[in-house]
Amino acid sequence: IVMPYHILFDEYEEERLGKDSFGSTKSGIAPFYSDKYAKIGFQVSELFDEEGLAKKVESVIEKKNVMLEHLYHKPLLNAEELLATLREYRDMVAPYVADVSAILHKANQEGKTILLEGQLGTLKDPDHGIYPMVTSSSTLAAYGAIGAGVPPYEIKQVVTVCKAYSSAVGAGALNQAIKAVAIARGYIAPTGKDIYCIPAFSDVYINGMERTALRFVVESTDLGYAI
């Protein structure tokens, strides 16, 4: 679960980094995944264990408040307020909670078609992208099996939906790296905006794509190379 304080920590860290910030969307993604792998994140199932939830909130807040006080110099978190928010989350999601992997397994056994959808693309992958200016979870097709909880051999076809180029808008080294390549190759977008583009080829062999839905072909041609 993306917690309210994940968004705050995302904002505070960008503020602390100043001119060296990552250009985060400030939606709490990096702090969320940091907590997940530090094993102090919250899963949906925990919302339905009131006693365990209260105990964990106290433990996590103790750690978070140390950072808030001594690193970011920001207001501290309140356990009762956070618990009240989590109870609201519980009531909101309760009708939709289910074992998704079991549902998908049943659908697959019945011969139904299942579509898994990802976003962002290879250059934003933390292993194969332009690290550290990436997102915090894998964006590759292979990760679809992990996220959905299905066997990897059940993914029968990979279709990449992409632009005919990779682009970046905003702060950070990813933008500057693409800008440098784009300027060197003459691929500057004729929009007057701070948008830089390079052709995208890595999606093909890393994702093992069999088909592609290519977007913005005309724009790519305008940038000086034929499709």
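The basis for the numbers below is simple: all heavy atoms, side chains too, and nothing from hydrogens, waters or symmetry mates. Being a predicted model, the structure only gives us computed values, none of them experimental.
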Enquirer: I'd like to know if the side chain of H73 reaches the main chain of E69, judged simply by a donor and an acceptor atom lying under 3.5 Å from each other, with no hydrogens or angles considered.
Expert: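 Judged by distance alone, yes, a pair lies under 3.5 Å.
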Enquirer: Rounded to the nearest 0.5 Å, how far apart are CG of D125 and OG1 of T135?
Expert: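 Separation between the atoms: 9.0 Å.
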Enquirer: Indicate yes or no: does E11 engage K74 in a salt bridge with an N to O separation below 4.0 Å.
Expert: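 Not counted as a salt bridge, because no side-chain N and carboxylate O are separated by less than 4.0 Å.
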Enquirer: How close do L86 and M3 get, counting heavy atoms only, and between which atoms?
Expert: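 Distance-wise, the nearest heavy atoms are CD2-CE, 3.5 Å.
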Enquirer: So how far is it from H105 NE2 to D99 CG, rounded to the nearest 0.5 Å?
Expert: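 One gets 11.0 Å once the value is rounded to the nearest 0.5 Å.
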Enquirer: Y89 and V97: same hydrophobic cluster, using ILVMFWY side-chain contacts below 4.5 Å?
Expert: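 Yes, same cluster.
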Enquirer: Please check if Y131 and Y143 belong to a single hydrophobic cluster, counting links between Ile, Leu, Val, Met, Phe, Trp and Tyr side chain heavy atoms closer than 4.5 Å.
Expert: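 No.
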Enquirer: I would like to know whether E13 and R16 meet salt bridge (charged side-chain N to carboxylate O under 4.0 Å, His left out); could you show each step before the answer?
Expert: CA-CA 5 Å; E13 180 64 5; R16 186 185 72 86; 2.8 Å; yes
Enquirer: Parallel under 30°, tilted from 30 to 60°, perpendicular over 60°: which one fits the rings of Y12 and Y72?
Expert: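 Geometry flag for Y72 against Y12: tilted rings.
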Enquirer: Can you see which heavy atom on P152 is nearest to which on A145, and at what distance?
Expert: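 Nearest heavy atoms, P152 then A145: CA-CB, 3.8 Å.
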Enquirer: Between V158 and A141, what is the shortest heavy-atom contact and its length?
Expert: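 Nearest heavy atoms, V158 then A141: CG1-CB, 3.7 Å.
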Enquirer: If you apply the rule side chain to side chain contact (heavy atoms under 4.5 Å, CB included), what do you find for K63 with I40, and how did you get there?
Expert: CA-CA 10 Å; K63 298 176 183 178; I40 57 172; 3.6 Å; yes
Enquirer: Counting only N and O atoms by type, is there a donor-acceptor contact under 3.5 Å from the side chain of T85 to the main-chain atoms of E81?
Expert: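 Pair found, side chain donor or acceptor close to backbone of E81.
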Enquirer: Following the transitive rule for hydrophobic clusters with a side-chain heavy-atom cut-off under 4.5 Å over Ile, Leu, Val, Met, Phe, Trp and Tyr, establish whether Y37 and F42 coincide in one cluster.
Expert: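 Cluster IDs for Y37 and F42 differ.
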Enquirer: Looking at side-chain heavy atoms only, is the closest gap between L140 and H128 below 4.5 Å?
Expert: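 Side chain of L140 against side chain of H128, heavy atoms only: contact under 4.5 Å found.
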Enquirer: Cut-off 3.5 Å, side chains only: do T160 and N207 have a donor facing an acceptor?
Expert: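 There is no such pair (donor and acceptor under 3.5 Å, judged by atom type) between the side chains of T160 and N207.
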Enquirer: Please work out whether the ring planes of Y5 and F9 are parallel, tilted or perpendicular, with thresholds of 30° and 60°.
Expert: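 Judged by the thresholds at 30° and 60°, the geometry between Y5 and F9 is perpendicular.
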Enquirer: Please tabulate, for the side chains in residues 45-53, all donor-acceptor contacts under 3.5 angstrom to protein atoms that are two or more places apart in sequence or on a different chain.
Expert:
from : atom 1 : to  : atom 2 : distance (Å)
E46  : OE1    : Q43 : N      : 2.7
E46  : OE1    : K56 : NZ     : 3.2
E46  : OE2    : K56 : NZ     : 2.9
D49  : OD1    : G52 : N      : 3.1
E50  : OE1    : R90 : NH1    : 3.2
E50  : OE2    : R87 : NE     : 2.8
E50  : OE2    : R87 : NH2    : 2.7

Enquirer: Give, for atom CG of N65 and atom NE2 of H70, the distance between the pair rounded to the nearest 0.5 Å.
Expert: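 Answer rounded to 0.5 Å: 9.5 Å.
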Enquirer: Looking at P126 and S136, what are the two nearest heavy atoms and their distance?
Expert: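 Closest approach of P126 to S136: CG-C, 4.4 Å.
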Enquirer: Do S27 and D10 have side-chain N/O donor and acceptor atoms under 3.5 Å apart?
Expert: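 On atom types as modelled, these side chains do not qualify, holding no pair under 3.5 Å.
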Enquirer: Are L71 and L68 in one and the same hydrophobic cluster, where Ile, Leu, Val, Met, Phe, Trp and Tyr link if side-chain heavy atoms are under 4.5 Å apart?
Expert: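 Cluster IDs for L71 and L68 match.
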Enquirer: Looking at residues at least two apart in the chain, or sitting in another chain, which of them share a salt bridge (Lys or Arg N to Asp or Glu O under 4.0 Å) with K112?
Expert: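 For K112, the residues satisfying salt bridge (Lys or Arg N to Asp or Glu O under 4.0 Å) (neighbours in sequence not counted) are E110.
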Enquirer: Show every salt bridge (charged side-chain N to carboxylate O under 4.0 Å, His left out) that has at least one partner inside residues 33-44, sequence neighbours left out.
Expert: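 Counting only pairs at least two positions apart or across chains, the salt bridge (charged side-chain N to carboxylate O under 4.0 Å, His left out) contacts touching residues 33-44 are D35-K64.
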Enquirer: State plainly whether one hydrophobic cluster holds both I1 and F32, where clusters connect Ile, Leu, Val, Met, Phe, Trp and Tyr through side-chain heavy atoms under 4.5 angstrom apart.
Expert: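 Result: no, two separate clusters.
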Enquirer: Checking N78 against L82 for the side chain to side chain contact (heavy atoms under 4.5 Å, CB included) test, could you report, in this order, the C-alpha distance in whole Å, the side-chain angles of both residues, the deciding distance, and whether it holds?
Expert: CA-CA 6 Å; N78 179 278; L82 182 57; over 6 Å; no
Enquirer: Side-chain contact, heavy-atom cut-off 4.5 Å: L104 with I114?
Expert: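 Yes; the side chains approach each other to less than 4.5 Å.
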Enquirer: Run the side chain to side chain contact (heavy atoms under 4.5 Å, CB included) check on Y33 and S137 step by step: do they pass?
Expert: CA-CA 8 Å; Y33 277 101; S137 63; 3.3 Å; yes
Enquirer: If you measure from CG on L76 to CD1 on I61, what distance do you get to the nearest 0.5 Å?
Expert: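 Between L76 CG and I61 CD1, I get 9.5 Å after rounding to 0.5 Å.
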Enquirer: Assess whether atom CD of E62 is packed by more than 12 heavy atoms of other residues, nucleotides or ligands within 6.0 Å.
Expert: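 12 or below, so no.
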Enquirer: Less than 4.5 Å apart, side chain to side chain, heavy atoms only: is that true for E14 and L17?
Expert: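 Counting from C-beta outward, E14 and L17 do come under 4.5 Å.
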Enquirer: Indicate the atoms forming the closest heavy-atom contact of L116 with A148, along with that distance.
Expert: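 Looking at all heavy atoms of both residues, the closest pair is CD2-CB, 3.8 Å.
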Enquirer: Kindly give the heavy-atom pair with the smallest separation between V44 and V93, and that separation in Å.
Expert: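 What the structure gives for the nearest pair is CG1-CG2, 4.3 Å.
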